[in-house]
Structures are given as structure tokens and as C-alpha cells.
There are 2 protein chains.
Amino acid sequence: MTGSIRRAKAEQTVLALKAAARRLFAERGYLNTKITDILAEAGRSAGVFYDHFASKEELLAALIADFRADAAERAAAMDCAADEHDLSDRAQLRAHIEVFWHTYTAHLPVMVAMFQASMVDGELTAGFGEWLNTTMLHQHLEQLDKRGVHLAGDPALLASAVSSMLLQFAYVWLATGGRAPGGTTARSAPSADEAIDMLTSLVHNGIVAH
Amino acid sequence: MTGSIRRAKAEQTVLALKAAARRLFAERGYLNTKITDILAEAGRSAGVFYDHFASKEELLAALIADFRADAAERAAAMDCAADEHDLSDRAQLRAHIEVFWHTYTAHLPVMVAMFQASMVDGELTAGFGEWLNTTMLHQHLEQLDKRGVHLAGDPALLASAVSSMLLQFAYVWLATGGRAPGGTTARSAPSADEAIDMLTSLVHNGIVAH
DNA sequence: GTCTATATGGGGATAGAC
DNA sequence: GTCTATCCCCATATAGAC
């Protein structure tokens, strides 16, 4: 049964490489991380990487798959179908944003990596915000629209704007280590809850026409 | 007077390099543009680049300087001091967003480059949105706050969120060639004016508490 | 499955002729 | 000032021993 032992060891190595990659992506970013660095961080030596992944992109794809699985689970944990939600209800909206925030936080390395990879790839640029944009926002907004709520603009545009804000804001906030943005205000650093509240208010008031 | 001739030729080369860089940044992005490419695009040969710039970053710095000059001019053209503005007035807010949009459009290559460079650099990540964030937004929001307007959150956080939205939305919109985001809606592509209207409504309603 | 050693190539950067 | 030629570093990727 040496076969299964070998497989187990390989599995261990794959996990070690993924873990190392996540650490480095969070620390220095995806583009600045060389395959060599990942190997070193994982305590493995040169050739090993290619025994498990064809390229750095493929590793990222694996991480994204892991992320998607977890994101789907978190989304499902919010129970019920999209048409039962009502984003014009503040509490529900906040719950959505909170899920987004915690998912983003939990997968920060992958988020950073996707973000940076999309800068270079072009193919990914358009498709990047989709898990958020289409999955969570666009449909909900269409729903509201059909339900007769007078929105601030075209649902697709609105969804794009809101997801842009959430993604970029979270990126700046988290990827820079939670330091308060702006910086001129001499206050104690705002908490994540404060940020989520602010985002909730902004979106809640912003998406409907007044 | 060969000295001045040489200087003039050098100046020409610098301009040619900058122009070539702008073209390529817009076309394939900053990170994907190699120094070699810029030289080829400018029709110059290998060594020339380093006679004028120490690195690609330095070239970008020069482009940013050009941009800042123009941006300052556009901002000044909106006349008057910051404390005379009132972002809670929809027309004034729209004018601000319009200036941002047109400035962004006019300097798309530099915007793309700054954006991408800041994503990778980390040093720049925080500092990137500042011309917009601090110059235009943060101060205005502080003003409103002091004037007793009840904002949706901490001015610094709000400013960061709004600038995040504007930058990311414009990036996705413009850098991907103005293709409509989302894409599932089978409508004719929305116009820039439509986008600006939407952003105006979103911000206008979003920043004040209701 | 994992290691060491090494081949390959792209792109940054410089030297020196013109 | 600009060109050609070249160096060199570093990351990717493979070969083959263990």
C-alpha cells in the first residue's frame, strides 16, 4: 500500500504549497510572489512545485476553487432564494454586506491575488467582480426594479458601482492592514463594524431614488 | 549652438517615449508593457530609454506630473474654494463627478497605470486615491459634517468608500473599453452620461443619513 | 514523491562606437 | 543624443538521481 502513502504525502505537499502561497499573497501580493518563494516558504525544494501545479496561475485557480466552495456555503447559510430577499430592508442589506466582508476577510490572500491577476490578465478583468456582482447584487436589484421600486439607475450599472465600491474599499482597508484610510482625521482607528455600518447606510440610501 | 539642438532633440525623444507609453498603457496596461515595447512603439532603439528615465516607474512619475498639472487646472476651472462648495446640492455634486469622469477619461492611460502600479506596490495602494479622496472629497465631507449635516458615517471612511467606487467603477468601465458591466441585461450599452447620473444619485442619496 | 542540478529565455541595464 | 551590441540577473521549467 505504498501507493496510498505516496498519495497522502503528495496531498500534504499540495496543502503546504497552498498555505505558503496564501501567506505570501497576503504579505507581498500575488505578482510579487515568485514560485521560488512559495517553495521556500513551504520548506520544499526547487523542482517540487511542478509535480503538483503547472504554473502559478493553476495554483491560483485551485485557491479560487477553495474560495468559491466556502463562499457558496456562506451564501447558502443565509438560507432562502434570491427572490425572498429584500435589499431595501436595511437589516437584510447589512447581513449581505457582512457576509461579503467576512468572506473577503477570510480569503484575503485569494482576493488580493485575484485582484492583481486580473490587472495583468485582461481576460479576468471583466469577470472578476462576478461572484459578487451577478450572484449577490445584480439579481437582487433586478428584483427590486420589477417590484416597482424606483432605483437610482440601471440595475446593471448600479450593481457594478456598488460591487466596485465594496471590492475596492475592502481591498484598501484590508490589504493595507486595516489602517484607517485618509488618515488626516486624528481619531482612533475605525472598527470593521463601523465600516460595515457606513457601507450599509451608503448603499441602502444610495440605490433607491428619492 | 549645437547644445540647444541636442536639447531639443532630447526633448523630442522624451515626448515620443511618453506618448508611446501612454498608447501602450491604454492598450495593454502598465504591468504588461515592457520598456522594450515602449522603445519599439516610439521607434527608438534599445539603450535610449535610460538616457532619459532611470526606470519605468520614473516615466510613470513624469506622466503623473503632467496629469496633476491638468487636473489642478480642471479643478481650478470649477472656480472658488472648497468651503464654498456644497456636495449635498445635487447639481454641484454632479459637476464634481463630471470633472472627475472627464479628467479620468482624458488621462486614461495614466489612470490605468497608477491604478495597476498601486495594486502591486503597496506603498502606493493607500496613497493612490488621494488626489481624489483628500483633494475633492474628504474636505467637502468634513465641511458638511461641521455644518451640521448628519452623514452616513465617519467622513474619512465615507470619502474612502466613495473614491473607491468612483475609481474602480471608472476603471472597469473605461479600461475595459466602455463595455457595459454585468452584461446579462440585453439593453443597448449605457452612455457615460447615464453612468454619471447614476453615480451622482448614488452618492447624493448615500452620503447623508436618512 | 521529493530532491539537486541545470538548461532556457526574457527583460533590465550598461559600454562604447558613431 | 542616439545607436548597436552585449552582459547579466533571475525566474521558469525540466532531467534524472534517490
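Proteins get letters first, then strands, A, B, ... in listed order; numbering begins at 1 in each. From a predicted model like this one, the values you see are computed outputs, not experimental measurements.
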Which distance, rounded to the nearest 0.5 Å, do you find between the CE of B/Met198 and the CG of A/Asp154?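 Reported to 0.5 Å precision, the distance equals 8.0 Å.
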Return yes if a side-chain donor-acceptor contact under 3.5 Å exists between A/His138 and A/Glu142, otherwise no.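 A/His138 vs A/Glu142: donor-acceptor pair found between side chains.
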Taking atom types as modelled, find out whether B/Thr200 and B/Arg90 have a side-chain donor-acceptor pair closer than 3.5 angstrom.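 Result is no, nothing qualifies.
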Given that B/Ala46 and B/Gln12 both sit by DNA chain D, which one's nearest nucleotide is further toward the 5' end?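 First, find each residue's nearest nucleotide; the 5'-ward one identifies B/Gln12.
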Relative to the 5' end of DNA chain D, which residue comes earlier, A/Tyr50 or B/Arg44, by the nucleotide with the nearest heavy atom?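 Its nearest nucleotide lies further toward 5', so the answer is B/Arg44.
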Length of the [atom1]-[atom2] vector between [X] and [N], whole Å:
{"X": "A/His52", "N": "C/dG1", "atom1": "NE2", "atom2": "C1'", "value": "7 Å"}
{"X": "B/Asp51", "N": "C/dG12", "atom1": "CG", "atom2": "C1'", "value": "14 Å"}
{"X": "B/Glu58", "N": "C/dA13", "atom1": "CD", "atom2": "C1'", "value": "14 Å"}
{"X": "A/Phe53", "N": "D/dA11", "atom1": "CZ", "atom2": "P", "value": "20 Å"}
{"X": "A/Ile35", "N": "C/dG9", "atom1": "CD1", "atom2": "C1'", "value": "15 Å"}
{"X": "A/Lys34", "N": "D/dC10", "atom1": "NZ", "atom2": "P", "value": "12 Å"}
{"X": "A/Tyr30", "N": "D/dA11", "atom1": "OH", "atom2": "C1'", "value": "14 Å"}
{"X": "B/Leu59", "N": "C/dA13", "atom1": "CG", "atom2": "P", "value": "13 Å"}

Should [X] be listed as having a side-chain N or O under 4.0 Å from OP1 or OP2 of [N]?
{"X": "A/Ser45", "N": "C/dT4", "answer": "yes"}
{"X": "A/Thr36", "N": "D/dC10", "answer": "no"}
{"X": "A/Thr13", "N": "C/dT2", "answer": "yes"}

Name the orientation class of the two ring planes belonging to B/Trp173 and B/Trp101 (parallel below 30°, tilted from 30 to 60°, perpendicular beyond 60°).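 Because their plane-to-plane angle is over 60°, the rings of B/Trp173 and B/Trp101 count as perpendicular.
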Inspect the contact between B/Arg94 and B/Asp193 and indicate whether a charged nitrogen and a carboxylate oxygen are less than 4.0 angstrom apart.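 A salt bridge is present here (some side-chain N lies under 4.0 Å from a carboxylate O).
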Among C/dC3, C/dG1, D/dT2, the nucleotide that comes nearest once only the side chain of A/Lys9 is considered: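 Taking heavy atoms from C-beta onward, the closest nucleotide is C/dG1.
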